[in-house]
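Below: one structure, written as structure tokens.
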Amino acid sequence: MVQFSRICYRKYGNFVDNLRLYVRGGSGGMGLPRLGGQGGKGGDVWVVAKKDLTLKKLKDKYPQKRCIAGVGANSSIRALKGEMGKDQEIYAPVGISVTTDDGKVLGELNVEGDRVLVARGGQGGSLYSGFEPTKGHGKQIRLDLKLIADVGLVGFPNAGKSSLLNAMSHATPQIASYAFTTLRPEIGKLVYKDHKQISVADLPGLIEGAHLNKGMGHKFLKHVERTKQLLFVVDIYGFQLASNTPFRSAFEAVQLLTKELELYKEELVSKTALLVVNKMDLPDAEYRLEELQEQLQNPHEFSHLLPVDMTPKNNMVFRDVVPVSASTGFGIEHLKNCIRKSLDEDTAVATETFHQDKLQALRRSVRDKMSAPIWGSKSSA
């Protein structure tokens with residue numbers, strides 16, 4: 001068991017999802033008082049999104065965790081206006097949120113090429129500053145990775161998320177019979193016959209109290225924020241984390257997962273969600289599924305199964321409830337079709353909303369132009 005713990009630590013240690021760096025813009029160059037020369041501006045520091053990068057590679061590139069832009073050139077007889085200092089670009093993976101130490105968001109890198117200015121260079125010396133330059137701005141910044149995926153798998157440990165991802169996609173996550181097998185996020189791709197691809201993120205299993213940062217806590221929950229939809233995965237036979245923790249039925253697992261998401265960030269519960277009921281190859285699974293479906297249709301009648309503080313304020317409404325067996329392949333193709341259909345429906349709604357908003361904006365613009373007075377006309381005289 002000691003050996004296993006070391007393996008877990010090493011594997012998770014290779015995955016970096018946050019990094020703290022010191023950044024500083026370059027100082028400006030000196031001015032030249034006798035000729036009125038102006039020093040060059042110091043370089044800026046930018047964080048730029050680039051594909052095929054990880055925070056681990058970025059950490060290795062900056063072992064001192066410092067990044068300073070170039071200094072502006074001094075004004076001289078040969079060049080009265082000094083050259084600007086060289087900008088420093090920090091290439092980071094897509095999906096990064098850039099913040100200061102106190103939590104202020106400086107920007108987000110959602111697609112390749114997105115840029116966030118994190119430190120400005122100082123101004124070169126000039127007549128207005130007595131030809132004295134200013135120093136570049138410096139600060140500590142945090143790069144926080146939040147995975148961007150179409151669908152995020154949500155479940156307690158050992159619900160079968162990794163097996164499900166393996167059955168649906170080409171990902172090869174770690175799978176075993178002990179509870180905590182997913183120690184870092186895995187991204188799988190669902191590939192359809194028409195070559196359509198959907199990304200699915202398998203995230204470390206939640207435990208009760210995850211919103212308080214217990215277990216993987218916030219390391220898991222922050223990745224849920226950027227997924228378009230959620231895929232709850234529960235074991236039809238329920239779950240018990242350890243011998244000293246209470247047994248939870250499939251319905252209780254759904255309620256507790258909802259509560260953890262609600263306590264971390266309430267708007268997560270409003271995301272479109274599907275429920276996958278796994279391990280349907282086990283005895284009496286059909287009977288247990290009928291019981292679960294009845295409980296989901298009338299959740300308030302079964303709220304007494306959990307303490308009041310563990311019952312969510314708002315129950316999750318699932319677009320589909322899909323029974324599967326990741327080990328035998330039962331229901332997997334149907335699940336893939338449900339996922340695609342659900343995403344397509346949301347995309348259609350979002351597109352229609354976008355077009356309606358653009359149309360309304362165009363109508364307002366035309367109306368405003370028609371009602372504006374024309375100079376020289378009788379109405380404006």
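Bear in mind that the values here come from a model prediction, so they are computed numbers and not experimental data.
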Look at the side chain of [X] and the backbone N and O of [Y], then say whether any donor-acceptor pair between them is shorter than 3.5 Å.
| X | Y | result |
| --- | --- | --- |
| D114 | V111 | yes |
| S27 | G122 | no |
| T347 | L343 | yes |
| S163 | G160 | no |

Find out if a path of hydrophobic residues (ILVMFWY) with successive side-chain heavy-atom gaps under 4.5 Å connects [X] to [Y].
| X | Y | result |
| --- | --- | --- |
| I90 | V71 | no |
| L109 | V48 | no |
| L106 | Y62 | yes |
| V118 | L55 | yes |

Report task. Test the R340-Y192 pair against the cation-pi criterion, namely NZ or CZ under 6.0 angstrom from the six-membered ring centroid and within 45° of the ring axis. Result -> yes

Query raised in the report: Less than 4.0 Å between a side-chain N and a carboxylate O, is that true for E291 and R288?
Result: no

Requested in this report: Provide the full list of side chain to side chain donor-acceptor pair (under 3.5 Å) pairs with a residue in residues 70-96, sequence neighbours left out, each pair given once.
Outcome: E89-Y91, E89-R115

Query - Residues in salt bridge (Lys or Arg N to Asp or Glu O under 4.0 Å) contact with K271, at least two apart in sequence or another chain - result: none

Query raised in the report: Would one find more than 12 heavy atoms of other residues, nucleotides or ligands at under 6.0 Å from atom OH of Y287?
Result: no

**Report entry** Heavy atoms from other residues, nucleotides or ligands near NZ of K59 exceed 12 (cutoff 6.0 Å)
**Finding:** no

Could you go through residues 229-242 and list every donor-acceptor pair under 3.5 Å that involves a side-chain atom there, pairing it with any protein atom two or more places apart or in another chain?
| unit_1 | atom_1 | unit_2 | atom_2 | d |
| --- | --- | --- | --- | --- |
| Q229 | OE1 | S342 | OG | 2.8 |
| Q229 | NE2 | S342 | O | 3.2 |
| Q229 | NE2 | S342 | OG | 3.2 |
| Q229 | NE2 | D346 | OD2 | 2.8 |
| D235 | OD1 | Y237 | N | 2.8 |
| D235 | OD2 | K279 | NZ | 3.0 |
| Y237 | OH | P283 | O | 2.2 |
| Q240 | NE2 | A242 | O | 3.3 |
| Q240 | NE2 | T245 | O | 2.7 |

Report task. Indicate whether the side chain of E252 and that of S249 have a donor and an acceptor atom separated by less than 3.5 Å. Result -> yes

Expected list for residues 295-302: side-chain donor-acceptor pairs under 3.5 angstrom, two or more places apart:
| unit_1 | atom_1 | unit_2 | atom_2 | d |
| --- | --- | --- | --- | --- |
| N298 | ND2 | E294 | O | 3.3 |

Report task. Give the C-alpha distance, both sets of side-chain angles, the deciding distance and a yes or no for side chain to side chain contact (heavy atoms under 4.5 Å, CB included) between D320 and C338. Result -> CA-CA 7 Å; D320 287 299; C338 287; 4.1 Å; yes

For residues 353-364, please give each side-chain donor-acceptor pair under 3.5 Å, one per line with the distance, not counting sequence neighbours.
| unit_1 | atom_1 | unit_2 | atom_2 | d |
| --- | --- | --- | --- | --- |
| T353 | OG1 | V349 | O | 2.9 |
| Q356 | NE2 | E352 | OE2 | 2.9 |

Requested in this report: With sequence neighbours left out, write down each residue that passes side chain to side chain contact (heavy atoms under 4.5 Å, CB included) with Y22, or none if nothing qualifies.
Outcome: R24, R66, Q140

